There are 2 protein chains.
Amino acid sequence: MPSATTRIRIVEKADTLFYEAGFDATSFSDIAAAVGISRGNFYHHFKTKDQILNAVIRFRLERTREMLANWENNAETARDRILSFIQILIVNRANIMAYGCPAGTLCTELAKMDHASQDHANEIFVLFRGWLTQQFMLLGSDEQAGQHALHVLAWSQGVASIATTFRDEAFIRREVAEITIWLDRKISQLNTRLTGD
Amino acid sequence: MPSATTRIRIVEKADTLFYEAGFDATSFSDIAAAVGISRGNFYHHFKTKDQILNAVIRFRLERTREMLANWENNAETARDRILSFIQILIVNRANIMAYGCPAGTLCTELAKMDHASQDHANEIFVLFRGWLTQQFMLLGSDEQAGQHALHVLAWSQGVASIATTFRDEAFIRREVAEITIWLDRKISQLNTRLTGD
DNA sequence: CACAAGCTAGGACAGTTGTCCTAATTTGTC
DNA sequence: GACAAATTAGGACAACTGTCCTAGCTTGTG
């Protein structure tokens with residue numbers, strides 16, 4: 001089925017271009033050139049540009065779900081799983097310093113456009129948020145788990161944003177180390193609360 | 001001099017539109033309609049769209065300098081001055097939840113475009129960074145002052161980003177409270193280090 | 001009042017955009 | 001090998017973009 005292949009290749013290239021150049025700044029011509037097909041051929045796979053956007057978001061959601069599942073399998077403790085999330089900042093540092101966070105920059109752009117797919121794009125953060133909340137609950141946090149999740153999410157977004165502005169790799173590593181310290185302090189607080197009180 | 005007035009009105013309206021809709025998404029027509037002048041009239045005041053962008057950035061830099069000067073005059077301690085910076089998140093919460101941080105979102109957009117005015121826009125962050133570094137030095141921090149400045153800058157960016165995604169005002173207030181606690185702990189650490197060691 | 005300078009409106013311009021149609025080609029199935 | 005479906009290329013289309021020109025208008029100064 002070669003058509004499915006073309007469709008997937010369109011989504012993959014659009015995913016990259018939307019990340020590197022932004023959704024609005026990426027044209028059909030750009031995607032067509034990247035995939036190696038003609039502009040007119042698009043209409044057979046996607047009726048509108050928004051349909052491509054939604055396919056890209058669905059693609060990213062699926063990839064995120066797989067990543068979270070991998071962490072569940074490969075990291076023993078909830079602490080290590082949370083750190084797996086934070087380590088993205090270092091693993092993807094080159095792209096982050098050049099283009100920022102893929103999820104954050106897309107959501108920001110769609111918010112400014114007041115685009116219909118805003119909520120769809122936000123689902124990526126909803127996914128991370130829920131998953132992080134779950135990890136903090138496993139660490140013994142209950143009503144504060146959701147707040148800790150948002151805190152970690154915001155911290156990583158802030159590091160990505162400033163890393164893009166100043167292209168400072170050392171800064172990223174320092175902040176990741178600080179988040180690790182913060183996390184371990186939170187864990188020890190939760191442990192003393194559980195055993196001591 | 002009515003021309004200077006028109007020029008200023010163009011910059012002011014462009015400033016708002018660039019913030020609310022983004023630089024690339026804002027057209028000459030949009031600005032002309034907002035100012036109430038004809039499209040063709042632009043060429044007399046600005047030869048290119050990039051010239052408007054640079055004028056807007058200069059406008060924002062000037063406004064930021066004034067804001068920092070005001071804090072110098074109105075806040076007694078370095079602690080209060082740093083908190084003045086953080087309080088922007090609450091003061092501008094409505095705009096931040098709708099459009100994000102004006103400086104951060106512009107820098108991110110220009111980075112994706114690989115625009116020539118990237119460094120110019122980044123100067124807003126350079127300004128904040130230098131000013132915050134100065135405040136931390138006044139608090140007794142020396143080699144770590146610059147790192148603390150970047151940390152606060154990143155934290156505020158992260159809060160703005162997540163606040164935009166989830167439109168969560170309570171989250172903003174919680175994080176501002178947490179930054180205050182963090183700052184006061186840093187200050188007491190610096191004081192015990194200075195007197196105790 | 002006269003004149004020059006500054007300012008303005010309107011439109012021309014080539015290029016690009018997303019969308020959509022049609023005709024030709026490739027593909028899988030009988 | 002024949003036929004129908006899926007896939008493709010190429011181009012038409014109106015709308016919009018940033019840029020630029022020109023002719024008329026307003027303004028301040030002599």
Side-chain angles (χ1 to χ4, degrees), chain A residues 1-58 106 109-110 112-118 120-121, chain B residues 1-58 106 109-110 112-118 120-121:
Chain A
M1 212 186 295
S3 71
T5 303
T6 302
R7 213 194 117 95
I8 288 172
R9 276 168 60 219
I10 291 174
V11 173
E12 284 174 346
K13 291 293 185 183
D15 172 51
T16 305
L17 288 168
F18 288 175
Y19 175 39
E20 293 180 356
F23 167 67
D24 199 59
T26 301
S27 68
F28 278 80
S29 304
D30 295 331
I31 306 173
V35 178
I37 60 172
S38 72
R39 243 169 45 258
N41 190 11
F42 268 98
Y43 197 64
H44 186 260
H45 298 281
F46 299 97
K47 298 297 178 203
T48 65
K49 198 182 175 188
D50 289 352
Q51 282 187 10
I52 303 183
L53 174 62
N54 283 324
V56 167
I57 294 173
R58 251 178 274 121
L106 179 63
E109 185 184 357
L110 297 185
K112 276 189 202 287
M113 301 173 75
D114 203 19
H115 195 282
S117 297
Q118 263 181 93
H120 194 193
Chain B
M1 213 186 294
S3 73
T5 303
T6 303
R7 212 194 117 96
I8 289 172
R9 276 168 62 219
I10 291 174
V11 173
E12 284 174 346
K13 291 292 184 183
D15 172 51
T16 305
L17 288 168
F18 288 175
Y19 175 38
E20 293 179 355
F23 167 67
D24 199 58
T26 301
S27 68
F28 277 79
S29 304
D30 295 331
I31 306 173
V35 178
I37 60 172
S38 72
R39 241 167 47 258
N41 190 12
F42 268 98
Y43 196 64
H44 185 259
H45 299 281
F46 300 97
K47 299 296 178 204
T48 66
K49 199 182 175 187
D50 290 351
Q51 282 187 10
I52 303 183
L53 174 62
N54 283 324
V56 167
I57 293 173
R58 250 178 275 122
L106 179 64
E109 184 184 357
L110 297 185
K112 276 189 201 287
M113 301 174 74
D114 203 19
H115 194 281
S117 297
Q118 263 181 93
H120 194 193

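Scope of the values below: all heavy atoms of this structure, side chains included, with no hydrogens, waters or symmetry mates. Since we're looking at a predicted model, the values are computed, not measured.
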Taking atom P of dA9(D) as reference, at what distance in whole Å does atom CD1 of Ile31(A) sit? 15 Å
Among residues at least two apart in sequence or on other chains, which ones pass ring-ring contact (aromatic ring centres under 6.0 Å, His included) with Tyr19(B)? Tyr99(B)
In the 5'-to-3' direction, what one-character label does each nucleotide of nucleotides 15-20 of chain C receive under the scheme B = base within less than 4.0 Å of a protein heavy atom, S = sugar-phosphate only, - = no such atom? --SSSB
Residue pairs involving residues 27-49 of chain A (criterion salt bridge (Lys or Arg N to Asp or Glu O under 4.0 Å); sequence neighbours excluded): none
Expressed as a whole number of angstroms, how long is the span from Met113(B):CE to dG18(D):C1'? 12 Å
Under the side chain to side chain donor-acceptor pair (under 3.5 Å) rule, collect the residues that match up with Gln51(B), sequence neighbours excluded. none
Could you give all pairs that pass the salt bridge (Lys or Arg N to Asp or Glu O under 4.0 Å) test and reach residues 11-24 of chain A, with sequence neighbours left out? Asp15(A)-Arg60(A), Asp15(A)-Arg63(A)
Are OP1 or OP2 of dT8(D) and a side-chain N or O of His45(A) less than 4.0 angstrom apart? yes
How long is the gap from CD1 on Ile31(B) to CD1 on Ile52(B), to the nearest 0.5 Å? 4.5 Å
How many whole angstroms separate atom CD1 of Ile37(B) from atom C1' of dG6(C)? 14 Å
For Ser117(B), enumerate each residue passing the side chain to side chain donor-acceptor pair (under 3.5 Å) test, keeping only those at least two apart in sequence or located in another chain. Asn54(B)
